[in-house]
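Hydrogens, waters and symmetry mates are skipped; everything else that's a heavy atom, side chains included, is used. Computed from a predicted model, the values in this text were never measured in an experiment. Residues: numbered from 1 along the sequence shown.
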Amino acid sequence: MLRRNPRTSWNSKESMPSVASTAYVDESAVVIGDVRIGESVYVGPCASIRADEATPIVIGDECNVQDGAIFHGLKGSSIKLGRKVSVAHGAVIHGPLTIGDESFIGFNSVVHASTVGERCFIGHRALVMGVTLKDGSFVPHGSVIDTQDKADALGPVPDSLKGFNAEVVEVNCEFASGYRAAR
C-alpha cells in the first residue's frame with residue numbers, strides 16, 4: 001500500500017512514494033511519504049517503510065527489503081541505501097542512517113543512527129547503533145556495536161561470506177521481475 005504522509009509541525013509537505021517501474025512492492029507492504037524506490041528493487045510482504053517523520057527514504061537500485069523489515073527515522077532525518085543492499089527478514093532500519101553499496105543486513109538486526117560502509121556484512125540479530133562502519137566490516141551474528149571503538153575493532157568480511165549478498169541480490173531482483181509479471 002502506497003500512502004501520502006500527513007502534514008506535521010516539522011514537515012508541511014505531503015509526499016507520495018515513487019517506485020521505479022521495474023521494482024516490486026508486495027501488496028501487504030506499507031510505504032508512506034517521500035520514499036524513493038529504485039530500479040529492480042524487491043519489497044517483500046509486511047515490510048513497513050515510513051517516511052512520515054524521516055524524509056526522504058531512498059532505496060537504491062537492485063536492493064531488497066525482505067518480509068517484515070521496518071524503516072523509520074527520527075524527526076527530520078533521512079535514510080539512504082546504496083545499490084544492491086539486502087535488508088533481511090525482520091530487520092529494523094532507523095534513521096538517520098546511510099548504508100553503502102552491496103552491504104547485507106541480517107535477520108532481526110537493528111541498525112540505527114549510523115553510517116555503514118560499502119560491502120559490509122551485519123550478521124543476524126546484531127545491533128549497530130551510533131557508529132560508522134568502514135568499508136568491508138563484518139559484524140558477527142548477535143553482536144552489539146554501540147561505540148566507535150567497537151566498530152573500529154571489527155575485522156573484514158570472511159571469505160566464506162563475501163559472495164553471499166550477491167546471491168541474495170540476484171534472487172530478489174528475479175523476484176521483483178517475476179512478481180511484477182505475475183500481477
Side-chain angles (χ1 to χ4, degrees), residues 2-3 5 15-26 29-74 76-107 109-123 126 128 131-139 157 161-180:
L2 303 179
R3 287 189 192 161
N5 63 287
S15 299
M16 281 294 290
S18 64
V19 179
S21 63
T22 58
Y24 172 79
V25 177
D26 188 85
V30 177
V31 182
I32 300 172
D34 188 5
V35 177
R36 304 166 194 177
I37 296 176
E39 299 292 334
S40 300
V41 168
Y42 171 79
V43 177
C46 300
S48 175
I49 306 172
R50 290 180 38 218
D52 55 0
E53 190 172 345
T55 187
I57 295 176
V58 179
I59 299 174
D61 296 344
E62 299 181 59
C63 288
N64 57 90
V65 177
Q66 298 175 18
D67 312 41
I70 298 171
F71 282 59
H72 197 247
L74 297 172
S77 66
S78 65
I79 297 171
K80 183 175 187 225
L81 272 59
R83 300 189 63 201
K84 299 183 178 185
V85 173
S86 296
V87 177
H89 312 293
V92 175
I93 305 299
H94 205 283
L97 184 65
T98 301
I99 300 175
D101 295 349
E102 301 178 31
S103 289
F104 177 85
I105 313 301
F107 305 144
S109 291
V110 175
V111 184
H112 172 60
S114 294
T115 300
V116 176
E118 295 184 0
R119 296 172 309 285
C120 291
F121 188 105
I122 297 174
V128 174
V131 299
T132 297
L133 300 184
K134 64 183 178 283
D135 292 350
S137 293
F138 174 62
V139 177
V157 176
L161 292 174
K162 284 190 176 168
F164 184 78
N165 187 60
E167 292 178 30
V168 173
V169 168
E170 180 182 356
V171 164
N172 283 281
C173 283
E174 193 167 325
F175 278 156
S177 173
Y179 281 117
R180 255 190 359 272

From [X] [atom1] over to [Y] [atom2], what is the distance, rounded to the nearest 0.5 angstrom?
X	Y	atom1	atom2	result
Leu133	Thr98	CG	OG1	11.5 Å
Ile32	His72	CD1	NE2	8.0 Å
Cys63	Ile37	SG	CD1	10.0 Å
Leu161	Phe104	CG	CZ	9.0 Å
Asp61	Lys84	CG	NZ	9.5 Å

Which heavy-atom pair separates [X] from [Y] by the least distance, and what is that distance?
X	Y	value
Ala88	Phe107	CB-CD2, 3.4 Å
Ala29	Gly44	CB-O, 3.7 Å
Val168	Ser86	CG1-OG, 3.3 Å
Gly106	Ala91	O-CB, 3.8 Å
Asp135	Gly117	OD1-CA, 3.4 Å
Val85	Gly100	CG2-O, 3.3 Å

Surrounding NZ of Lys80 (heavy atoms of other residues, nucleotides or ligands, distance under 6.0 Å), is the total greater than 12?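 No.
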Answer yes or no: are there more than 12 heavy-atom neighbours, outside Phe138 itself, under 6.0 Å from its atom CZ?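 Yes, enclosed.
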Given 3.5 Å as the limit, does a donor-acceptor pair link the side chain of [X] with the main chain of [Y], or not?
X	Y	result
Ser77	Leu74	yes
Ser177	Phe175	no
Ser18	Arg36	no
Asp101	Glu118	no

Could you tell me whether the side chain of Asp26 reaches within less than 4.5 Å of the side chain of Val43, counting heavy atoms only?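 A side-chain contact under 4.5 Å is absent here.
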Do Val87 and Ile59 make a side-chain contact, defined as non-hydrogen atoms from C-beta onward lying under 4.5 Å apart?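 The answer is no; the side chains never approach within 4.5 Å.
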Full working for side chain to side chain contact (heavy atoms under 4.5 Å, CB included) between Asn172 and Gln66: CA-CA 9 Å; Asn172 283 281; Gln66 298 175 18; 3.8 Å; yes
Decide whether Ser40 and Glu62 meet the rule of one side-chain donor and one side-chain acceptor closer than 3.5 Å.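 Note: Ser40 and Glu62 side chains miss the donor-acceptor criterion.
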Which class fits the ring pair Tyr42 and Tyr179: parallel under 30°, tilted 30 to 60°, perpendicular over 60°?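 Rings of Tyr42 and Tyr179: parallel, as their planes differ by under 30°.
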Test applied, side chain to side chain contact (heavy atoms under 4.5 Å, CB included); reference residue, [X]; option that passes from [options]:
X	options	value
Val35	Ile79, Asn5, Ile57	Ile57
Phe121	Val139, Val116, Val157	Val157
Val110	Ile122, Val92, Ile93	Val92

Between the side chains of Arg119 and Glu102, is the shortest nitrogen-to-carboxylate-oxygen separation below 4.0 Å, so that they form an ion pair?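 Salt bridge between Glu102 and Arg119, a charged N being under 4.0 Å from a carboxylate O: no.
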For Cys46 and Asp67, run side chain to side chain contact (heavy atoms under 4.5 Å, CB included): C-alpha distance rounded to whole Å, both residues' side-chain angles, the deciding distance at 0.1 Å, then the answer. CA-CA 6 Å; Cys46 300; Asp67 312 41; 5.9 Å; no
